Amino acid sequence: MPSPAPTSAARTAVLHTTLLEWYAANARDLPWRGECTPWGVFLSEVMSHQTPVARVEPIWRQWLERWPTPTHLADDSPGEGVRAWGRLGYPRRALRLHEAATVMRDDFGGQVPRSEADLLALPGVGPYTAAAVAAFAYGLRTTVVDTNIRRVLARAIEGKALAAPAVTRAEMDLAASLVPDDPATAAVWNVAVMELGALVCTARLPRCGDCPLLDQCAWVAAGQPTYAGPARRSQAWHGTDRQVRGAIVQLLREAPGPVTRRALEAAGEDAPQVDRCIDSLVADGLVEPLARNRFRLPR
DNA sequence: GACTCGTGGTT
DNA sequence: TAACCAAGAGT
């Protein structure tokens, strides 16, 4: 008599047990896990957008020391946030953190909102961050979907090498179907899947030999097929507006006071491009124009 | 959906 | 070495 095929619910239960045990034994000791204010969690999530944890940690510590609550940040100038952002990348995040902190100060009694909907309405907060903060700061049951979780589920459940370039509805539904019912367990589940993706089920060279899901992994069972989706456009860098904008903001970060347009031209080879980038930075609110062709970080 | 937006480590 | 890629969001 062959044993009956395990039900979907039974397989999910095994998945939960396996991964939660793995996480308990292998989770990194990140400073924003465990004892940390919701504000600390919020900062860590925004700083981690497209940014490796190792680069986030020192900036995160400096921000929390300098601005221990949303109100402290809101009462300072946005430009100081951009300056303290250092070279974390995507400095608009610093600007939006300041805006979000202002909303928290003015509309939420200086607290980080609890509900996913209120979080989602904050500037710089999208579906990932809203779900992550609700789960990791407040222990609410949400469905967190980030690039790690998408990759783990694509492989382990769907047997694909990588997830699609953009989040799909099917991915959201799949992720939601796997979240445990109990809120506290759900929060750990979300971070456990992320952690597996970050440490073991990595994009380039997955360490399948160390994976707790090895014998339940659909991708391994399928012979680890390679990525079959559309080619991903590689990000150009040299000579792009991105590079020039970054150099302009860096010049302003390093300067104690206003900087002339002439000095900012050092940010690129092509003067018209630098001028165009200055304009776009001003439009974005990252740079404040002053009289006589001088510029500074926003006050 | 396709594009844009920084930065630096890894391969 | 150039390409890849890292806890996304906004337009």
Side-chain angles (χ1 to χ4, degrees), chain A residues 27-28 30-33 36 40-60 82 85-97 99-100 119-137 142-152 161-169 171-172 175 187 190-199 201-206 227 229-253 267-268 276-277 280-281 283-287:
Chain A
R28 289 169 294 179
L30 301 180
W32 45 84
R33 291 178 180 163
C36 179
V41 172
F42 186 86
L43 283 182
S44 79
E45 291 303 338
V46 174
M47 288 180 173
S48 297
H49 294 169
Q50 306 285 285
T51 309
V53 163
R55 301 226 323 269
V56 167
E57 217 179 300
I59 303 294
W60 179 83
V82 174
W85 195 252
R87 302 187 65 80
L88 216 44
Y90 294 140
R92 291 190 291 194
R93 290 182 291 167
L95 222 47
R96 293 186 176 131
L97 273 174
E99 294 173 35
L119 286 162
L120 192 55
L122 295 171
V125 174
Y128 163 75
T129 305
V133 171
F136 306 148
T142 65
T143 301
V144 178
V145 176
D146 79 327
T147 187
N148 288 305
I149 291 178
R150 296 179 59 224
R151 186 175 56 249
V152 169
L162 289 175
V167 185
T168 64
R169 178 55 190 269
E171 285 178 342
M172 292 297 300
N190 282 318
V191 74
V193 184
M194 286 174 64
E195 194 77 337
L196 187 74
L199 298 182
C201 194
T202 53
R204 200 86 71 94
L205 287 173
Y227 178 67
R232 307 182 163 197
R233 287 183 51 226
S234 64
Q235 337 173 28
W237 177 245
H238 291 288
T240 62
D241 282 5
R242 246 172 168 166
Q243 182 184 31
V244 172
R245 283 169 53 106
I248 291 169
V249 173
Q250 181 59 15
L251 286 170
L252 293 174
R253 246 189 233 112
R276 168 160 41 86
C277 287
S280 74
L281 287 165
D284 288 347
L286 275 165
V287 170

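Residue numbers begin at 1 in each chain, while the letters A, B, ... track the order of the sequences. Computed from a predicted model, the values in this text were never measured in an experiment.
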Between A:Met47 (CE) and B:dT7 (P), how many Å, whole number? 15 Å

Atom CG of A:Asp284 and atom C1' of B:dT4: how far apart are they, to the nearest Å? 10 Å

Those residues that, when tested against A:Asp284, pass salt bridge (Lys or Arg N to Asp or Glu O under 4.0 Å) (two or more places apart): A:Arg92, A:Arg245

One character per nucleotide, please: for nucleotides 4-11 of chain C, 5' to 3', B when the base has a protein heavy atom closer than 4.0 Å, S when only the sugar-phosphate does, - otherwise. BBBBBSS-

Only one of A:Leu43, A:Val82, A:Leu122 passes side chain to side chain contact (heavy atoms under 4.5 Å, CB included) with A:Leu97; say which it is. A:Leu43

Who passes side-chain hydrogen bond (donor to acceptor under 3.5 Å, both in side chains) against A:Ser48, sequence neighbours left out? none

Give me the distance, rounded to whole Å, that separates B:dG6 from C:dT11 when you measure between the P atoms they each carry. 14 Å

Which part of the nucleic acid, if any, lies within contact of A:Ile149, taking any heavy atom under 4.0 Å across all strands shown: a base, the sugar-phosphate backbone alone, or nothing? nothing

A:Leu281 has an atom CG; how far is it from atom C1' of B:dT4, in whole Å? 13 Å

Round to a whole Å and report the spacing from CG of A:Leu251 to P of B:dT7. 11 Å

Please identify each residue that fulfils side chain to side chain contact (heavy atoms under 4.5 Å, CB included) with A:Val191, with sequence neighbours left out. A:Tyr23, A:Arg33, A:Phe136

In whole angstroms, how far is the C1' atom of B:dT7 from the CD1 atom of A:Ile248? 16 Å

Specify the separation, in whole Å, of atom CG of A:Leu88 and atom P of B:dG9. 13 Å

Does A:Gln250 or A:Leu205 map to a spot on DNA chain B nearer the 5' end, using the closest nucleotide for each? A:Gln250

Can you sort out the partners of A:Val152 under side chain to side chain contact (heavy atoms under 4.5 Å, CB included), two or more places apart, ordered by chain and number? A:Val193, A:Leu196, A:Cys201

The side-chain hydrogen bond (donor to acceptor under 3.5 Å, both in side chains) partners of A:Arg150 (sequence neighbours excluded) come to A:Glu171

Can you tell me, in whole Å, how much space there is between the P of C:dA7 and that of B:dT11? 15 Å

